Amino acid sequence: MSGTSPGLEPPADAAKPVRHPEAPAPGELLGAHYGQCFGCGGDQPHGLHLEARAGEGVSITAEFTVQAAHQGAPGLAHGGVLATALYETLGSLNWLLRTIAVTGRLETDFRRPVPVGTTLYLEAEVTAVAGRKIYSTATGRIGGPDGPVAVRADALFIEVKVDHFVSHGREEEIRAAMDDPDQVRRARAFEVNP
């Protein structure tokens, strides 16, 4: 990750990330971590409906198609929507570590415009872990894994306990997520929120 900003460069003694033994298998669809999530939730009519799949090692691939509701300038994706797609993909990496984490820092570079109707192919990987800090990087390419890079990002996530969400979230949503009988959905509900 040469050229990254201070705070996004792992320390020299950072460890190589280790995929959790119970992480989804490469190629497995991760599904939404929370139905109301703007990035991946199916209950958001104007959300990204981003679909992420586990990759090799500690990596993720994902895709989303830019809809008219995602416009900034006429006919082009809003930069915040593109940053959200990168962010959602980066956050999903924590599921491969089976770690609950929040965003410490996200730095995004916009390289080219992304037209409405375009499918953005995203790839992300954890590059290092240092204590509670998780360093990762992602790219978004137009049209497929070999398409031109449109956006890229580097991120720092900080491992937290579920109490972070209980203390800061709205009680009705927290209770609904905690009461979900599906243990996987319950765990995933708290994986990437700030």
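Remember, it's a predicted structure, so these values are computed and weren't measured experimentally. Hydrogens, waters and symmetry mates play no part in the numbers below; they use all other heavy atoms, side chains included.
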Do [X] and [Y] make a side-chain contact, defined as non-hydrogen atoms from C-beta onward lying under 4.5 Å apart?
X	Y	value
V58	E125	no
F64	H70	yes
I134	L93	no
T99	V129	no
T127	P17	no
L50	T89	yes
L48	E88	no
F157	L90	yes

Rounded to the nearest 0.5 Å, how far apart are [atom1] of [X] and [atom2] of [Y]?
X	Y	atom1	atom2	value
L156	E107	CG	CD	11.5 Å
F110	L82	CZ	CG	6.0 Å
L86	L106	CG	CG	7.5 Å
R141	R152	CZ	CZ	11.0 Å
T139	L120	OG1	CG	9.0 Å
R19	S59	CZ	OG	7.0 Å

Check against side chain to side chain contact (heavy atoms under 4.5 Å, CB included), K133 and I158: CA-CA 5 Å; K133 294 180 178 181; I158 310 297; 3.7 Å; yes
Check [X] against [Y] and note the closest heavy-atom contact, atom names and distance.
X	Y	value
A52	I60	CB-CG2, 3.8 Å
V116	Q71	CG2-CG, 3.3 Å
A155	L8	C-CD2, 3.6 Å
E63	Y121	OE2-CD1, 3.6 Å
V114	A150	CG2-CB, 3.5 Å
A23	R98	N-NH1, 3.9 Å

Atom NE2 of H46 with >12 non-hydrogen neighbours under 6.0 angstrom: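 No - once you tally the heavy atoms of other residues, nucleotides and ligands closer than 6.0 Å, there are 12 at most.
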Over 12 foreign heavy atoms within 6.0 Å of CD, E28: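 Enclosed.
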Set of side chain to side chain contact (heavy atoms under 4.5 Å, CB included) partners for R53, sequence neighbours left out: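 For R53 the side chain to side chain contact (heavy atoms under 4.5 Å, CB included) partners, ignoring immediate neighbours, are L29, T61.
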Non-neighbouring partners of P115 that pass side chain to side chain contact (heavy atoms under 4.5 Å, CB included), sequence neighbours left out: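 With neighbours one apart ignored, the set is L76, T118.
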